[in-house]
Amino acid sequence: MEDSIKQIGERLKGLRDVLDIPAEEMAELCHISVEQYEKMEAGESELSVANLQKIAKHYNVSLDVLMFGEEPHMNSYFLTRKGQGLHIERRKAYNYESLASGFRGRTADPFIVTVEPKPADAPKEMNSHNGQEFNMVLEGTMELTIGNKVLTLNEGDSIYFDATQPHGMRALNEQQVRFLAIIF
C-alpha cells in the first residue's frame with residue numbers, strides 16, 4: 001500500500017511540475033490544507049479517489065495516469081476479466097480494482113471496492129466529489145452514510161446518489177464488504 005501511495009504522490013508532483021501548478025492550487029481544488037497536500041505528495045498520506053478524480057478532470061488527465069501510471073489506449077471497448085483489473089490499495093482497509101482502466105475518454109469510473117472491517121468505534125471517513133455515484137453490494141453488508149442519513153445495504157442492494165453530499169462507508173458484521181462503485 002505504501003508504495004502505491006508514494007507512486008501516486010510522485011505522479012501528482014510530476015503533474016504539478018509539468019503544468020507549473022502551485023501546491024496551494026492543488027490543495028484548494030481538493031479542499032485540504034497545503035500541509036495535507038504536501039504530505040500526500042511526499043507519500044506520507046493519501047488523497048481519496050474522489051479528490052484524484054477532481055484533479056484528473058480539472059487538469060484534463062486520465063484518472064488512470066494518476067492512480068496507476070498508465071495511459072488508457074482503447075476507445076472502442078475494454079474488457080476486464082474477473083479479478084484482472086488494475087488494483088490499488090489506497091488505505092489499509094480499502095482496495096480498488098479498476099474495471100475500465102484501459103478505456104480512453106470514459107465518462108464514468110467503475111471499480112470493485114473491497115473494504116475491510118474496522119472497530120465499530122473507529123471514525124468513518126467522509127468525502128464528497130462532483131457528480132454522482134452508484135454502489136451495488138456484491139458481498140457482505142455495508143453501512144453507507146450520506147449526509148446525516150445512515151443506510152444499511154446488503155448483498156444485491158444498490159444505491160445511486162448525489163456525490164456532492166458527504167458520504168462514507170464501512171463494512172459491517174466484522175466481515176469485508178465488496179461492492180461495485182461507479183463514479184460519474
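- Side-chain contact between Asp64 and Arg106 is present, with at least one heavy-atom pair separated by less than 4.5 Å.
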One pair to check against salt bridge (Lys or Arg N to Asp or Glu O under 4.0 Å): Asp109 and Lys57. What are the steps and the verdict? CA-CA 12 Å; Asp109 290 298; Lys57 286 185 177 184; 5.8 Å; no

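- No side-chain heavy atom of Val65 sits under 4.5 Å from any side-chain heavy atom of Leu15.
- Atoms OH and CG, from Tyr59 and Leu19 in turn, are 8.0 Å apart once rounded to the nearest 0.5 Å.
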With side chain to side chain contact (heavy atoms under 4.5 Å, CB included) as the criterion, how do Ile112 and Leu180 come out once you've worked through the C-alpha distance, each side chain's angles and the decisive distance to 0.1 Å? CA-CA 5 Å; Ile112 298 289; Leu180 171 65; 4.2 Å; yes

Is there a side chain to side chain contact (heavy atoms under 4.5 Å, CB included) between Met169 and Val177 once you walk through the steps? CA-CA 10 Å; Met169 66 275 307; Val177 63; over 6 Å; no

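- Ile55 and Cys30 make their closest contact through CD1-SG, 3.6 Å (heavy atoms, listed as atom of the first residue, atom of the second, distance).
- In this structure, Tyr96 is not a member of the same hydrophobic cluster as Met126, with clusters built from ILVMFWY side-chain heavy atoms closer than 4.5 Å.
- Rounded to the nearest 0.5 Å, atoms CD (Gln132) and OG1 (Thr164) are 9.0 Å apart.
- Atom-to-atom distance recorded for Glu38:CD and Glu35:CD is 6.5 Å, nearest 0.5 angstrom.
- A donor-acceptor contact shorter than 3.5 Å links the side chain of Gln36 to the backbone of Ser33.
- Side-chain rings of Phe184 and Tyr160 approach one another, their centers coming within less than 6.0 Å.
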How far apart are the C-alpha atoms of Leu151 and Asp157, what are their side-chain angles, what is the distance that settles it, and do they pass the side chain to side chain contact (heavy atoms under 4.5 Å, CB included) test? CA-CA 11 Å; Leu151 306 162; Asp157 292 346; over 6 Å; no

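- Qualifying side chain to side chain contact (heavy atoms under 4.5 Å, CB included) partners for Gln176, counting only residues two or more places apart in sequence or in other chains: Thr114, Glu116, Pro117, Glu139, Arg178.
- A continuous path of ILVMFWY side-chain contacts below 4.5 Å connects Ile182 to Leu138, so both sit in one hydrophobic cluster.
- How far OG of Ser98 is from CZ of Phe68: 4.5 Å, rounded to the nearest 0.5 Å.
- The environment of Gln165 atom CD is dense: over 12 non-hydrogen atoms of other residues, nucleotides or ligands sit within 6.0 angstrom.
- Taken from CG in Asn135 to CD1 in Ile183, the straight-line distance is 8.5 Å, to the nearest 0.5 Å.
- Of all non-hydrogen atoms in Leu63 and Phe111, the two that sit nearest each other are CD2-CZ, 3.9 Å.
- Under the rule for a side chain to side chain contact (heavy atoms under 4.5 Å, CB included), the partners of Thr141 that lie at least two apart in sequence or sit in another chain are Thr152, Asn154, Leu172, Asn173.
- Looking at Arg11, its side chain does come within 3.5 Å of a backbone N or O of Leu66 through a donor-acceptor pair.
- The number of heavy-atom neighbours closer than 6.0 Å to CG of Asp17, taken from other residues, nucleotides and ligands shown, is above 12.
- The hydrophobic cluster containing Tyr37 also contains Val18, counting ILVMFWY residues as joined when their side-chain heavy atoms lie under 4.5 angstrom apart, directly or transitively.
- Glu125 and Asn127 form no side-chain donor-acceptor contact under 3.5 Å, judged by distance and modelled atom types alone.
- Between His167 and Ala163, the closest heavy-atom pair is CE1-O, 3.4 Å.
- Between His129 and His31, the ring centre distance reaches or exceeds 6.0 Å.
- No continuous path of ILVMFWY side-chain contacts below 4.5 Å connects Val34 to Ile8, so the two sit in separate hydrophobic clusters.
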Any chance you could lay out the side chain to side chain contact (heavy atoms under 4.5 Å, CB included) test for Leu12 and Met26, step after step, and finish with the verdict? CA-CA 9 Å; Leu12 284 170; Met26 295 288 257; 4.0 Å; yes

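- Taking the side chain as every heavy atom from C-beta outward, Lys149 and Phe161 never approach each other to under 4.5 Å.
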